[in-house]
Asks: 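Here's a structure for you.
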Amino acid sequence: MSALDLRSAQKVLDSQPFSVLVGARITGFGDGGATLDVDVRPELQQQNGFLHGGVLAYAADNAITFAAGTTLGPAVLTGGFSIQYVRPATGHTLSARATVVHSGRRQAVVRCDLFTVGDDGEQTLCAVAQGTVLSAKQP
């Protein structure tokens with residue numbers, strides 16, 4: 001990928017079989033940020049009807065990595081991340097919104113807020129994540 005833009009970011013996401021399985025899409029990309037959306041459906045819920053925590057973690061990880069890619073370039077890998085679940089995720093769409101907090105030559109620190117969007121359009125914070133992303137580009 002030579003140019004970093006929303007369309008090329010979606011192509012990268014579409015090349016990940018798990019992302020296709022989950023039905024993820026990039027809805028925002030550039031200037032130190034990325035937004036990844038997933039439609040909530042029964043196959044992604046846990047036994048109590050809430051969106052599974054693993055889906056939230058997946059969305060946070062990918063949004064964090066894509067956001068870092070806007071500053072470090074397309075060859076990046078997650079170095080690690082943590083997630084704090086604030087409340088059970090219900091609604092019709094999960095939206096993971098990541099913003100680069102700091103970016104250097106070889107790594108970026110990124111924060112991600114995860115919201116669910118209800119049928120009425122109301123957004124509810126359900127988790128907060130932070131991660132470190134490393135450049136995979138050879139020096």
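Along the sequence shown, the residues carry numbers beginning at 1.
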Asks: Check the pair D39 / R41 against salt bridge (Lys or Arg N to Asp or Glu O under 4.0 Å), numbers first and verdict last.
Replies: CA-CA 6 Å; D39 291 331; R41 58 185 202 274; over 6 Å; no
Asks: Does N48 reach the main-chain N or O of F50 with its side chain, forming a donor-acceptor pair under 3.5 Å?
Replies: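 Such a contact is absent between N48 side chain and F50 backbone.
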Asks: Would a 4.5 Å heavy-atom cut-off, applied to side chains only, mark L51 and L94 as touching?
Replies: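 Result yes, sub-4.5 Å side-chain heavy-atom pair found.
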Asks: Side-chain contact test, heavy atoms from C-beta onward, threshold under 4.5 Å: evaluate it for T35 versus I26 and give yes or no.
Replies: no
Asks: Taking the side chain from T65 and the backbone from N62, do they hold a donor-acceptor pair closer than 3.5 Å?
Replies: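 Pair absent, no side-chain N/O of T65 close to backbone of N62.
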Asks: Does E43 have more than 12 heavy atoms from other residues, nucleotides or ligands lying within 6.0 Å of its CD?
Replies: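 More than 12 heavy atoms, drawn from other residues, nucleotides or ligands, come within 6.0 Å of this atom.
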Asks: Are R105 and K137 packed together at the side-chain level, in the sense that at least one heavy-atom pair is separated by less than 4.5 angstrom?
Replies: no
Asks: Do the side chains of Q107 and V133 get nearer than 4.5 Å, heavy atoms only?
Replies: no
Asks: Does T70 use its side chain to pair, donor to acceptor, with the backbone of G32 at less than 3.5 Å?
Replies: yes
Asks: Give a yes or no on this: more than 12 heavy atoms of other residues, nucleotides or ligands lie within 6.0 Å of atom NE2 of H92.
Replies: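 Yes, NE2 of H92 has more than 12 neighbouring heavy atoms, counting only those of other groups under 6.0 Å.
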Asks: Please report the closest heavy-atom contact between L72 and G104, naming both atoms and the distance.
Replies: CD2-O, 3.3 Å
Asks: Using side-chain contact (heavy atoms from CB on, under 4.5 Å), reason through Q45 and H52 one step at a time and then give a plain yes or no.
Replies: CA-CA 5 Å; Q45 295 173 330; H52 193 284; over 6 Å; no
Asks: Would you check if the side chain of T78 reaches a backbone N or O of G80 as a donor-acceptor pair within less than 3.5 Å?
Replies: no
Asks: Side chains of S95 and D37: is there a donor and an acceptor less than 3.5 Å apart?
Replies: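 The criterion, which ignores hydrogens and geometry beyond distance, is satisfied for D37 and S95.
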Asks: Could you go step by step and tell me if V12 and F66 meet the side-chain contact (heavy atoms from CB on, under 4.5 Å) rule?
Replies: CA-CA 10 Å; V12 170; F66 274 95; 3.9 Å; yes
Asks: Would you mind reporting whether F81 and V110 have side-chain heavy atoms less than 4.5 Å apart?
Replies: no
Asks: Do Y85 side-chain atoms and C126 backbone N/O form a donor-acceptor pair below 3.5 Å?
Replies: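 Looks like no, no N/O pair under 3.5 Å.
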Asks: Without swapping roles, check the side chain of T116 against the backbone of T90 for a donor-acceptor pair under 3.5 Å.
Replies: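 Here the side-chain-to-backbone pair exists.
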Asks: Is there side-chain contact between V22 and L44, with heavy atoms separated by less than 4.5 Å?
Replies: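 They are in side-chain contact.
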Asks: Looking at R87 and L125, would you say the former's side chain and the latter's main chain have a donor-acceptor pair under 3.5 Å?
Replies: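 Indeed, once roles are kept as given, a pair shorter than 3.5 Å links the two residues.
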